[in-house]
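In what follows, chains carry the letters A, B, and so on, assigned in the order in which the sequence lines appear, proteins first and then strands, with residues in each chain numbered from 1. Note that the coordinates shown come from a computational prediction; the quantities given were computed from them, not determined experimentally. Computed over heavy atoms, backbone and side chain alike; hydrogens, waters and symmetry mates excluded.
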2 protein chains.
Amino acid sequence: MQQNIFRKFLEDRGWRLTKQRNAILQKAFSCKGHFDPESLYMEMRKKGMKASRASVYRTLNLLCECGLVGKVSKTEHGTIYEHTLGSHHDHMVCTDCGEIIEFYSESLEKLQEEICREMDFEGKSHILEIRGHCRHCRMKKNVLGGESSNG
Amino acid sequence: MQQNIFRKFLEDRGWRLTKQRNAILQKAFSCKGHFDPESLYMEMRKKGMKASRASVYRTLNLLCECGLVGKVSKTEHGTIYEHTLGSHHDHMVCTDCGEIIEFYSESLEKLQEEICREMDFEGKSHILEIRGHCRHCRMKKNVLGGESSNG
DNA sequence: GTTGCATTGAAATTGAGTCTCAATCTATTT
DNA sequence: AAATAGATTGAGACTCAATTTCAATGCAAC
Ligand SMILES: [Mn+2]
Ligand SMILES: [Mn+2]
Ligand SMILES: [Zn+2]
Ligand SMILES: [Zn+2]
């Protein structure tokens with residue numbers, strides 16, 4: 001349970017799992033996929049869970065440090081997070097519509113481990129973001145562009 | 001030659017390769033490895049190459065669009081760039097000392113292409129950042145920590 | 001209940017990056 | 001050569017995510 005992990009992490013530093021920290025933790029883990037600090041904050045206000053913007057940022061940083069939450073990517077509009085209990089995965093980002101597609105490849109993970117061994121680097125985690133165009137946007141472009149039947 | 005590529009890119013849009021744009025291009029390509037806009041700007045001032053901060057940012061964006069320059073990663077202190085003539089590669093980042101180690105794996109590239117095919121995603125580029133500890137920092141830690149022979 | 005930290009939130013601050021806009025440059029047309 | 005039109009520039013204003021400040025509060029230990 002993420003609550004105990006977080007509590008342990010805090011207690012190891014002589015800190016406490018406060019009402020606000022717990023609320024932020026719960027909210028973060030209630031998000032289905034990805035989230036950003038600002039909307040987390042706004043949704044918490046709406047539901048009456050009180051925590052300041054500062055506490056949201058502070059707590060998300062703590063959650064990152066203890067590994068319960070990870071940064072997906074930094075966009076022009078801020079950092080995207082996700083909780084990391086459950087399976088690791090990587091991301092494809094459509095540069096047309098912004099859609100984020102998750103994927104996981106065992107071979108890719110294995111290959112990276114092998115590369116780290118070869119390079120004598122102790123890999124702890126990684127962020128892989130493949131940028132390009134999703135099927136949806138490609139089809140839309142074809143319709144608008146009126147593609148011809150030969151290459 | 002990067003100058004001609006950039007000129008062509010600009011002319012296709014009815015734009016010009018100005019003194020400032022050229023200076024920024026030259027400066028970017030004179031950097032051995034990675035660089036950030038602010039230090040590029042400061043170094044240009046020191047060497048008497050005049051270009052405003054705004055122009056540096058504007059031009060770096062153009063260079064990204066035409067593919068001569070790429071974003072390596074977004075840190076807390078801004079975006080890191082590198083020029084991309086020469087070979088593509090990925091990065092290992094030591095979270096202890098910040099060292100950035102470059103590597104390239106043909107199998108890794110091929111595997112990603114395959115994954116994109118499977119997912120019906122048109123991959124255009126990717127950013128892979130493996131985070132962990134470099135050999136140097138691991139050795140330093142062992143000396144300081146005085147590791148014992150039993151777990 | 002007093003001491004000592006940890007914690008909080010409102011507000012101020014920071015800082016990367018963008019935008020504005022008047023002045024300037026440059027190619028093209030008269 | 002002068003006029004025109006659009007691109008370009010730079011100083012500084014602006015945006016906005018994120019951090020920091022600091023006085024007030026909470027909480028555990030003594
Ligand atoms: Mn995800
Ligand atoms: Mn590099
Ligand atoms: Zn798309
Ligand atoms: Zn290191």
Side-chain angles (χ1 to χ4, degrees), chain A residues 6-28 34-46 48-66 69-82 98, chain B residues 3 6-28 34-66 69-81:
Chain A
F6 194 30
R7 176 175 283 120
K8 175 113 184 39
F9 170 83
L10 291 168
E11 282 175 357
D12 284 352
R13 303 182 163 205
W15 297 346
R16 282 169 288 127
L17 179 54
T18 61
K19 207 163 38 143
Q20 288 91 337
R21 283 176 178 157
N22 193 45
I24 292 162
L25 174 70
Q26 296 312 321
K27 191 69 198 163
H34 305 144
F35 62 89
D36 63 284
E38 184 62 20
S39 27
L40 191 85
Y41 168 68
M42 292 308 276
E43 281 182 37
M44 286 185 69
R45 312 206 79 198
K46 273 193 285 185
M49 307 156 88
K50 280 283 180 54
S52 70
R53 199 176 265 109
S55 287
V56 168
Y57 279 102
R58 282 192 283 236
T59 303
L60 284 178
N61 281 341
L62 291 176
L63 289 171
C64 277
E65 282 183 53
C66 78
V69 156
K71 295 181 180 177
V72 172
S73 76
K74 295 200 179 185
T75 73
E76 301 70 48
H77 310 301
T79 304
I80 308 290
Y81 291 85
E82 70 185 356
Chain B
Q3 212 178 96
F6 194 31
R7 176 177 282 119
K8 174 113 185 38
F9 170 83
L10 290 167
E11 282 176 356
D12 284 351
R13 304 183 164 204
W15 296 348
R16 280 169 292 126
L17 179 55
T18 61
K19 203 163 38 136
Q20 288 89 338
R21 282 175 178 159
N22 193 45
I24 293 162
L25 174 69
Q26 296 312 321
K27 190 72 198 160
H34 305 145
F35 62 90
D36 62 283
E38 184 62 21
S39 28
L40 191 86
Y41 168 68
M42 292 309 278
E43 280 183 37
M44 286 184 70
R45 313 206 77 197
K46 272 194 285 185
K47 303 221 170 151
M49 307 157 89
K50 280 281 180 57
S52 67
R53 198 175 265 111
S55 287
V56 168
Y57 279 102
R58 281 191 284 237
T59 303
L60 284 178
N61 282 341
L62 291 176
L63 290 172
C64 277
E65 281 183 55
C66 79
V69 156
K71 297 180 180 177
V72 172
S73 75
K74 297 199 179 183
T75 74
E76 302 69 49
H77 310 300
T79 303
I80 309 290
Y81 291 85

* Between D:dC16 (P) and A:Tyr41 (OH): distance, integer Å -> 16 Å
* **Separation of D:dA11 C1' from B:Arg45 CZ (nearest whole Å)** => 11 Å
* Does any non-hydrogen side-chain atom of B:Ile24 lie less than 4.5 Å from one of B:Met44? -> yes
* Structure fact -> Here the residues of residues 49-59 of chain B within 4.0 Å heavy-atom distance, strictly under, of DNA chain C are B:Ala54, B:Tyr57, B:Arg58
* Asked: To the nearest angstrom, how far is B:Lys74 atom NZ from D:dC16 atom C1'?
  -> 13 Å
Please list, pair by pair, any protein nitrogen or oxygen found under 3.5 Å from a nitrogen or oxygen in nucleotides 23-27 of chain D.
none

* **side-chain hydrogen bond (donor to acceptor under 3.5 Å, both in side chains) partners of A:Ser52, counting only residues at least two apart** => A:Ser55
* Structure fact -> Outermost contacting nts on DNA chain C, any atom under 4.0 Å from chain B heavy atoms, listed 5' then 3', are C:dA16 to C:dT26
* Asked: Are any of B:Gln20's side-chain N or O atoms less than 4.0 Å away from OP1 or OP2 of D:dG10?
  -> yes
* To do: Answer whether the closest heavy-atom distance between the side chains of B:Phe35 and B:Lys27 falls below 4.5 Å.
  => no
* To do: Can you tell me the distance, in whole Å, between the CD atom of B:Glu76 and the P atom of D:dA17?
  => 17 Å
* Under-4.0 Å side-chain N/O to phosphate OP1/OP2 contact, A:Asn61 with D:dA18 -> no
* Asked: Any chance the side chains of A:Glu65 and A:Asn61 put a donor and an acceptor closer than 3.5 Å?
  -> no
* For A:Arg7, salt bridge (Lys or Arg N to Asp or Glu O under 4.0 Å) partners two or more places apart -> none
* Asked: Residues in side-chain hydrogen bond (donor to acceptor under 3.5 Å, both in side chains) with B:Ser73, at least two apart?
  -> none
* Asked: When the distance from CH2 of B:Trp15 to C1' of D:dA5 is rounded to whole Å, what number comes out?
  -> 16 Å
* Asked: For the pair made of CZ in B:Arg21 and C1' in D:dG10, what is the distance, rounded to whole Å?
  -> 14 Å
* Rounded distance in Å - CD1 (A:Ile80) to C1' (D:dA17) -> 12 Å
* **Spacing between A:Leu62 atom CG and D:dA18 atom C1', to the nearest angstrom** => 15 Å
